[in-house]
Enquirer: 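Quick one: structure below, then a few questions.
The sequence lines fix the lettering, A, B, ..., with proteins before strands; numbering per chain opens at 1.
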Protein chains: 2
Amino acid sequence: MKKVTMADVAKLANVSKSTVSQYLNKRYEYMSEETRKRIARAIEELGYQPNIIARSLKQKTTATIGVIVFNILHMLTIQVLHAIEEACQERGFHVIVCNTDDDPEKEKKYIEMLRAKQVDGLIIFPTGKNAEIYQKMVEERFPLIFVDRMVPGIKADAVLLDNKKAAALAVEYLAERGYQRIGVVAPPLVSHVIPRMERIEGFRQTLTEKGLPVIADYVVATEISSIQSELAKLFASGRPPQALFAINDLTLMEILHFVKNNGIHVPDDLALISIDDVPFADIYTPTLTTIAQPTFAMGKKAAERLFMQITKKQKHKPQIFRFPPTLIERKSVRQRGNHNDGRQ
Amino acid sequence: MKKVTMADVAKLANVSKSTVSQYLNKRYEYMSEETRKRIARAIEELGYQPNIIARSLKQKTTATIGVIVFNILHMLTIQVLHAIEEACQERGFHVIVCNTDDDPEKEKKYIEMLRAKQVDGLIIFPTGKNAEIYQKMVEERFPLIFVDRMVPGIKADAVLLDNKKAAALAVEYLAERGYQRIGVVAPPLVSHVIPRMERIEGFRQTLTEKGLPVIADYVVATEISSIQSELAKLFASGRPPQALFAINDLTLMEILHFVKNNGIHVPDDLALISIDDVPFADIYTPTLTTIAQPTFAMGKKAAERLFMQITKKQKHKPQIFRFPPTLIERKSVRQRGNHNDGRQ
DNA sequence: TTGTAAGCGTTATCAA
DNA sequence: TTGATAACGCTTACAA
C-alpha cells in the first residue's frame, strides 16, 4: 500500500528508471526541461522517498559513522559527541552511538555489528582491551580514530588531551602558590588506561622538578566508591595534604562530597584543582579552579580526521593529536602565606 | 582484495549461496552436520562478515532507530538517551543520534534522511514546529514516540513528565513551609513548548489552590541570557520573592549565579527549588532541594513502546505516558518562622 | 537526451 | 537436505 519506488515514478513520468536516477542525483546536464518537470511532478504526486539502503548496497558507502564510547554519561563524552555530530551534520553523515560501559565484550560486538552495517568509519573511546580487533581494522585500513584514550601498540590516529601537561599545569600552579604537600586522587591505575597513567606520571614528574616530595600516601588511586573512605584515612593521619589534584570530574565530585561531609574548608584547609571543567565550577563556593579540555575542538578534529581517512583511503601515517589543556583560575586555590612552613 | 561475500564462502564450501544463507540464519534443521562444518570452516578461513545492508534491502528492516533531540547537551537528553541505547542493545538494535538545536529545519531534514535510511522507528524530542511532518508519519503508521515534549493535535505516543504535578509539588512544598511570595523562573513561554506551559500552569493553579497570590512580576519568563538582569530588577524592587521555583536545570543555574553574585543567602534570604535533579545538588551549599524526573524509566519506556509499535504494526491507540516527579528534600528550602508575615 | 540491462549481497520460493 | 532463480531498489555503463 505504501512503498513507492523509483520504478513507480518512472512509469508515471513516462521515462526510465535511469532517467529518474539521473534526476535524483542532480545530473541535469543532458536532461530536457520537459522531462525534468515531469519527473518532479511524478515524485511530488506519489510522495516518493528514495531508499538509501538500496543506494548504499550499490555504492558501498553509507554516509554513516559509528561512535563507540565507554561512558555515555561522562561530560567529556557528551561534549565530544556533540562536536562530532555537528561535523557530520555538515557533511550529510549520520552517527550511530554505542555505549560499552567499559566492557570489552560489548565493544567487540559493537565493532563487528557496525562494520556489518557498513559504516564508513569508526570513532572509538576505547576500553583498550580489544587489541587484536583494533589491529585488524588498522591493517585493513578501515577508517578509525581513537579519542580520549589511545591503545599502545596500535598504529591508529588518536585525539587526546596532553595529559602530562595537564597534570604539570596543576602541580606548577599549586607549587607556585606555596603548596608543598600535594595529593592526587584518581580511579584505579590500570595500565591499559593511558590517560590515567599519564596524568599520574605528569603529577609525579612535575613534583620532582619542583623539588617537592612525592609521598606515596598522597596518591589515592582507588575505585570511585571507596575514595571517600580513603580520603578519610588520609585526613585522619597526622599530616594531611594541603592541596588535592583531582584527575577528572568523577574524582572531583568525591572530593567535594568529602569536604562537605567533613567540614573541611576550601581553599583555607585544602586547596583543590581538577582536570575537567565541570558546569558548576563557577557557582560553587568557592568557585573551582580547573583545567579544561578543549572538548569541542577534539570532537571536531576526530570527525575531520575520520573524513579525511574516508575520502582518501591511502596509507596515511597514524598521528596522535595532543590537545592543550587550559587552566581556568578561580578561587579554590589561593596563595599560601610564606610564613607557613607546611605544618597545620 | 577485501570484500568477501556469501558467494565466496559458498564456492569454497562447495555449496550454494542459499545454503550458506540458511546456515547464517541458523536454520540448521535440514542441514547435514557435514555441510555445516564445511561452511563454518569456509567462513572462518575467509574471514567472512555478512553485509547487513544487503539483508536490509531484502528484509525491509534495518534494526536501527533514530533518536532526534533538540539539545544533546541537556542532562535529561543524555540520561534518556542512555536508557534508550541500553534497551536497544538488548534487542540488537542500533541508535542513530541527531541533534537539532531546536531548529525545525534541521529536524525536518533529519526526519527525511532517517526515513530514507529506512530506520525502523523514530524517537523524537520535538521542536514542535513540524506538525505536518509528524502528522504524515502518524498517518502512515510509522513507529514514532515523542519524548519530553508533545505536540498538540498529533496523535502519537508520548513519554512525558507529569509537569503540572511537578510544579504542584514544588509550590505545595514551599507553601507548607510558610512561603507566601513565591516566584518562578522559566525560559520564554512559547505555546508550542508544552512542558513549559504546563509547569507554569501548574505553578499558578497550585498557588491559587493554596490561597496564595499569583503576582505577575514574580513570573520571570525570558531568554536564559537575560534572566540575570530580570532577577536583578525583581530584587531591586521593594518586595522580592521569598522563594524561587526554577522550571529546569538551565534556569536553576542562572539563579545560582545570581545569588552568588549578589550575596543572597540560600535558604535564609531566598528559598530555592527546581525541576531536574542536577548532579551537584548534594555538594552545593546548601544542598539543593529538587524535583527529579525518572529519566531512565522514561527512556526505557520510550524504547519499549517503540519496539511494540515496530513489531505489531497494528492501529494501536496513541497513549501519553505521564511519569511522576519525585521531590528530593535537601536544604535549599527551610521552614519559615510563623511570626513572619512575609515582610522583609 | 533517454533507455536497457547488469549488477550490489542478501533472502525466499520452489524444485530437485 | 540442497540448489536455481528471482527479487529487493537503486546506480551506471553502454546503447540508441
Enquirer: In whole Å, I'd like the distance from the NZ atom of A/Lys3 to the C1' atom of D/dA7.
Expert: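 So the two atoms are 17 Å apart, to the nearest Å.
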Enquirer: Does one side chain, of B/Ser21 or B/Ser18, offer a donor that lies under 3.5 Å from an acceptor on the other?
Expert: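 No, because no side-chain N or O of B/Ser21 sits under 3.5 Å from a partner of the opposite role on B/Ser18.
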Enquirer: OP1, OP2 of C/dG3 versus side-chain N and O of A/Ser16: anything below 4.0 Å?
Expert: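 So the side chain of A/Ser16 is within the cut-off, an N or O lying under 4.0 Å from OP1 or OP2 of C/dG3.
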Enquirer: Over how many whole Å does the gap from B/Leu24 atom CG to D/dT2 atom P extend?
Expert: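 It is 14 Å, rounded to the nearest whole Å.
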Enquirer: Please classify the nucleic acid contact of A/Ser18 as base, sugar-phosphate, or nothing, using heavy-atom distances under 4.0 Å.
Expert: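 If one applies the 4.0 Å heavy-atom cut-off, A/Ser18 turns out to touch a base.
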Enquirer: Would you mind classifying the nucleic acid contact of A/Ser21 as base, sugar-phosphate or nothing, using non-hydrogen atoms under 4.0 angstrom?
Expert: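 Base: the residue A/Ser21, judged by heavy atoms under 4.0 Å, touches a nucleobase.
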Enquirer: D/dG3, C/dT11, C/dG3: which one has an atom nearest the side-chain heavy atoms of B/Thr19?
Expert: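 The nucleotide sitting nearest to the side chain is D/dG3.
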Enquirer: May I ask you to check whether B/Asn130 and B/Glu107 show a side-chain donor-acceptor distance below 3.5 Å?
Expert: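 Yes - a donor-acceptor pair under 3.5 Å links their side chains.
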Enquirer: Go through residues 52-60 of chain A and report each residue with a non-hydrogen atom lying under 4.0 Å from DNA chain D, sorted by number.
Expert: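 A/Ala54, A/Arg55, A/Lys58 - these, ordered by number, are the residues of the stretch whose heavy atoms sit under 4.0 Å from the strand.
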Enquirer: Side-chain N or O of B/Asn25 versus OP1/OP2 of C/dT11: is the shortest distance under 4.0 Å?
Expert: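 Result: yes.
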Enquirer: Starting from the first five and the last five pairs of the helix from C/dT1-D/dA16 to C/dA16-D/dT1, work out the angle between the resulting helix axes, to 10 degrees.
Expert: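 About 40° separates the two local helix axes.
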Enquirer: Looking only at non-hydrogen atoms, find the nearest pair between B/Lys317 and B/Asp157 and report the distance.
Expert: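 Closest pair (atom of B/Lys317, atom of B/Asp157, distance): O-OD1, 4.2 Å.
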Enquirer: Nearest whole angstrom, please: distance from the P of D/dC10 to the OH of A/Tyr23.
Expert: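 Spelled out: OH on A/Tyr23 to P on D/dC10 is 15 Å.
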Enquirer: Tell me if the CD atom of A/Glu132 is crowded by more than 12 foreign heavy atoms within 6.0 Å.
Expert: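 Correct, the count exceeds 12.
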Enquirer: Before accepting this row, confirm whether a basic side-chain N of the pair B/Glu139/B/Lys136 lies closer than 4.0 Å to the acidic partner's carboxylate O.
Expert: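 So B/Glu139 does not pair with B/Lys136 through a salt bridge.
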Enquirer: Reckon B/Tyr48 touches a base, only the sugar-phosphate, or nothing at all at heavy-atom distances under 4.0 Å?
Expert: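 It contacts sugar-phosphate atoms only.
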Enquirer: Figure out the CD/P separation between A/Glu33 and C/dT2, and round it to whole Å.
Expert: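 A/Glu33 atom CD is separated from C/dT2 atom P by 11 Å.
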Enquirer: Between the side-chain atoms of B/Lys17 and the base atoms of C/dT10, is any donor-acceptor pair under 3.5 Å?
Expert: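 Such a pair exists between side chain and base.
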Enquirer: Side-chain contact, heavy-atom cut-off 4.5 Å: A/Ile124 with A/Ile111?
Expert: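 They are in contact (side-chain heavy atoms under 4.5 Å apart), so the answer is yes.
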Enquirer: Determine whether the side chains of A/Lys117 and B/Thr64 contain a donor N or O and an acceptor N or O closer than 3.5 Å.
Expert: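 Yes, a side-chain donor-acceptor pair sits under 3.5 Å.
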Enquirer: Look at A/Thr35 and C/dT2 and indicate whether a side-chain polar atom (N or O) is within less than 4.0 Å of OP1 or OP2.
Expert: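 For A/Thr35, the contact criterion (side-chain N or O under 4.0 Å from OP1 or OP2 of C/dT2) is met.
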Enquirer: Mind calculating the distance between NZ (B/Lys117) and C1' (D/dC8) to the nearest angstrom?
Expert: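 Rounded to whole Å, this separation is 19 Å.
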Enquirer: Hey, is B/Lys109 close enough to B/Glu112 for a salt bridge, meaning N to O under 4.0 Å?
Expert: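 Salt bridge between B/Lys109 and B/Glu112, a charged N being under 4.0 Å from a carboxylate O: no.
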Enquirer: In whole angstroms, how far is the P atom of C/dT1 from the NZ atom of A/Lys37?
Expert: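 Roughly 15 Å, once rounded to whole Å.
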Enquirer: Would you kindly give the CD-to-P distance between A/Gln22 and C/dT4, to the nearest whole Å?
Expert: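 One finds 14 Å between P of C/dT4 and CD of A/Gln22, rounded.
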Enquirer: Does the distance from a Lys or Arg side-chain N to an Asp or Glu carboxylate O, for B/Glu34 and B/Arg38, drop under 4.0 Å?
Expert: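 Result for this pair is yes, salt bridge flagged.
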Enquirer: Scan A/Asp8 against the nucleic acid and name what it touches under 4.0 Å (heavy atoms): base, sugar-phosphate only, or nothing.
Expert: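 Answer is nothing: A/Asp8 stays at 4.0 Å or more from every strand.
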Enquirer: Which heavy-atom pair separates B/Asp120 from B/Ile310 by the least distance, and what is that distance?
Expert: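 Smallest heavy-atom distance, with atoms named: O-CG1, 3.4 Å.
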Enquirer: Starting at NZ of B/Lys11 and ending at P of D/dA4, how long is that distance when rounded to a whole Å?
Expert: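 So the two atoms are 14 Å apart, to the nearest Å.
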